[in-house]
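Computed from a predicted model, the values in this text were never measured in an experiment. Read the numbers this way: they start at 1 and go in the same order the structure lists the ligands and their atoms.
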Amino acid sequence: MIDRAREILAAGGLVAFPTETVYGLGADACNPHAVARVFAAKDRPRFNPLISHLATAEAALALARPSALAERLAKRFWPGPLTLVLPRAEDCPVDPLATAGLDTLALRVPAHPLAHALLAAFGGPVVAPSANRSGGLSPTRAEHVTTGLGDAVDLILDGGPCALGVESTVLAILEDEATLLRPGALALEAIEADVEGRVARPSSDPDRPISPGQLASHYAPRLPLRLEAIGVHADEALLAFGRDEPAGALTTRNLSPTGDLVEAAANLFHMLHELDASGARAIAAMPVPEHGLGLAINDRLRRAAAPR
Ligand code: TXA
Ligand code: MG
């Protein structure tokens with residue numbers, strides 16, 4: 001299967017593959033036609049750059065001009081759910097379409113064994129946005145990819161449900177300064193415990209996104225989403241969290257009855273997919289605490305609820 005996937009990538013095709021965060025839609029990062037197919041399959045705006053994935057930290061850092069801080073973070077957290085945005089190396093072969101013409105490059109070394117096997121077999125950088133239509137719910141199971149993208153993908157590697165369930169944390173590193181571009185599956189607390197000083201959190205003005213991908217409306221189910229729900233209406237589907245789940249919803253899924261944010265992140269997109277197909281008029285989401293993986297969960301829920 002990996003051999004077939006490698007051949008498809010080498011021929012400019014699209015391979016969806018599991019990572020520990022979400023499923024990615026992979027293509028050869030150095031082939032402009034393959035990269036263009038990724039944007040077309042997702043209906044993704046061309047100004048939103050893609051992450052290049054590599055098998056090892058060494059191979060990833062060779063494409064950029066990493067500062068000492070970048071090297072330290074790479075050593076500490078790769079392979080894993082962290083993406084680093086770094087200045088491109090002069091001779092970086094990643095196609096400019098993949099980086100939306102920017103002089104920076106987003107890099108990630110995933111920890112999932114299937115992703116690692118594919119990247120090691122292919123050898124070069126593989127762009128992989130989440131394998132969903134642009135703006136929609138992210139895929140955390142192979143069947144989400146099939147439903148969302150269908151024939152646009154040449155091969156789907158099925159690795160079962162993704163363990164973490166929300167996208168990687170994206171940090172921009174300029175010299176000795178780290179800025180959070182997207183909260184994600186690696187908790188900020190874990191990063192800040194490791195680097196001296198804090199990670200800058202730019203003000204979250206939805207009309208002035210600091211990363212091209214941080215559009216106000218994103219990760220959206222088809223149904224309208226209501227935030228901070230305490231009670232629920234009979235025609236609503238409930239995305240609950242914790243013990244105090246109100247009764248009376250048409251359908252209910254609980255992200256974590258015990259209030260565990262890691263479990264909640266792993267369940268988030270699958271439960272949203274399920275509630276979206278439940279026949280309800282809307283989805284009501286209960287409040288989730290704003291620490292640990294709660295930052296990433298609330299970021300996704302806010303964007304899912306934003307005016308479209
Ligand atoms: O967990 C993940 O990161 C998954 C898996 C498949 O690796 N991938 C993923 O890709 O979430 P995508 O394309 O859905 O999100 C990439 C994010 C976008 O918000 C994009 O704007 C940002 O990374 N990004 C990519 N290159 C950038 C750059 N040069 N500067 C700033 N932001 C960048
Ligand atoms: Mg995405």
Side-chain angles (χ1 to χ4, degrees), residues 14-27 29 35 38-39 41-54 60 63-64 77-88 92 94-112 114-116 118-119 125-140 144-145 148-149 156-157 159 162-174 178-186 202 209-220 265-266 268-269 293 296 299-300 303-304:
L14 305 186
V15 175
F17 62 94
T19 79
E20 70 276 32
T21 58
V22 300
Y23 275 76
L25 181 62
V35 176
V38 171
F39 280 96
K42 284 181 60 80
D43 199 14
R44 178 171 173 123
R46 295 287 196 280
F47 59 77
N48 190 3
L50 306 173
I51 300 171
S52 290
H53 297 66
L54 291 117
L63 301 176
F77 294 109
W78 280 348
L82 174 67
T83 293
L84 296 176
V85 174
L86 306 177
R88 275 175 83 111
C92 173
V94 171
D95 191 84
L97 180 58
T99 53
L102 298 170
D103 52 12
T104 53
L105 177 68
L107 292 165
R108 168 154 134 77
V109 179
H112 195 289
L114 265 180
H116 179 80
L118 177 65
L119 294 169
V126 171
V127 286
S130 49
N132 54 277
R133 305 270 304 169
S134 186
L137 290 173
S138 298
T140 55
H144 299 158
V145 182
L149 293 178
I156 302 176
L157 294 175
C162 299
L164 300 178
V166 289
E167 290 86 347
S168 61
T169 302
V170 181
L171 292 185
I173 310 293
L174 259 181
T179 304
L180 179 69
L181 299 186
R182 177 177 73 183
L186 180 63
I210 44 134
S211 177
Q214 290 300 76
L215 303 173
S217 173
H218 204 146
Y219 312 108
L268 178 68
F269 283 118
L293 292 197
D299 172 77
R300 307 304 187 266
R303 291 177 204 283

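Checked against salt bridge (charged side-chain N to carboxylate O under 4.0 Å, His left out), Arg133 has the following partners two or more places apart in sequence or in another chain: Asp43. Considering only residues two or more places apart in sequence or on other chains, His112 meets the ring-ring contact (aromatic ring centres under 6.0 Å, His included) condition with none of them. Residues passing the side chain to side chain contact (heavy atoms under 4.5 Å, CB included) test with Ala60 are Leu54, Trp78, Leu107, Val109, sequence neighbours excluded.
Side-chain atoms of His116 and Pro79, non-hydrogen and from C-beta on, never get closer than 4.5 Å to each other. Between Leu171 and Leu180, the closest side-chain pair of non-hydrogen atoms falls below 4.5 Å. Between Leu14 and Val38 the shortest side-chain heavy-atom distance falls below 4.5 Å.
Interface atoms of ligand 1 facing Asn48, defined by a heavy-atom separation under 4.0 Å, are 18 (C), 20 (C), 21 (O). Taking every heavy atom of Ser130 and a limit of under 4.0 angstrom, the matching atoms of ligand 1 come to 8 (N), 9 (C), 10 (O), 12 (P), 14 (O). For ligand 1, the atoms sitting less than 4.0 Å from at least one non-hydrogen atom of Ala128 are 6 (C), 8 (N), 10 (O), numbered in the order shown with element in parentheses. Every atom of ligand 1 with a heavy atom of Leu181 under 4.0 Å away is listed here by number and element: 31 (C), 32 (N). Atoms of ligand 1 found under 4.0 Å from any heavy atom of Gly24, numbered from 1 in the order shown, are 6 (C). The atoms of ligand 1 that sit less than 4.0 Å from any heavy atom of Ala106 are 25 (C), 26 (N), 27 (C). Atom numbering of ligand 1 starts at 1 in the shown order; those under 4.0 Å from a heavy atom of Val85 are 28 (C), 29 (N), 30 (N).
Residue contacts with ligand 1 for Arg44 involve side-chain atoms from C-beta outward but no N, CA, C or O (heavy atoms, distance under 4.0 Å). Residue contacts with ligand 1, taken as heavy atom pairs separated by less than 4.0 Å, involve Thr104 via backbone and side-chain atoms alike.
With rounding to the nearest 0.5 Å, the separation of CG in Leu50 from CG in Leu97 is 7.5 Å. Rounding to the nearest 0.5 Å gives a distance of 12.0 Å between OG1 of Thr104 and CD1 of Ile173. Rounding to the nearest 0.5 angstrom, the gap separating the CZ atom in Arg182 from the CD1 atom in Ile51 is 5.0 Å. Distance check: His218 NE2 to Asp299 CG gives 9.5 Å after rounding to the nearest 0.5 Å. The distance from atom NE2 of His53 to atom CG of Leu118, rounded to the nearest 0.5 Å, is 10.5 Å.
Atoms of the protein (N, O or S only) found under 2.8 Å from the Mg ion (ligand 2) are Ser130 OG.
The cationic group of Arg303 does not satisfy the cation-pi geometry with Tyr219, failing either the under 6.0 Å distance to the six-membered ring centre or the 45° limit from the ring axis.
Remark: ligand 1 and His53 share an N or O pair separated by less than 3.5 Å (distance only, no angle test). At least one N/O-N/O distance between Ser168 and ligand 1 falls below 3.5 Å. For a threshold of 3.5 Å applied to N or O pairs, the pair formed by Tyr23 and ligand 1 contains no separation below that value.
The shortest separation from a heavy atom of Thr99 to ligand 1 is not under 4.0 Å, leaving the residue out of contact. Ligand 1 lies out of reach of Pro110, whose nearest heavy atom is not under 4.0 Å from it.
A donor-acceptor contact closer than 3.5 angstrom links the side chains of Arg108 and Thr19. Inspection of the Ser168 and Thr21 side chains reveals no N or O donor paired with an N or O acceptor under 3.5 Å.
Counting heavy atoms only, Arg182 comes closest to atom 17 (C) of ligand 1 of the residues Arg182, Glu20, Glu167. When the heavy-atom distances from atom 25 (C) of ligand 1 to Ala115, Pro49, Gly26, Ala100 are ranked, the shortest goes to Pro49. Counting only non-hydrogen atoms, the option in Ser52, Pro81, Gly165, Pro129 that gets closest to atom 12 (P) of ligand 1 is Pro129.
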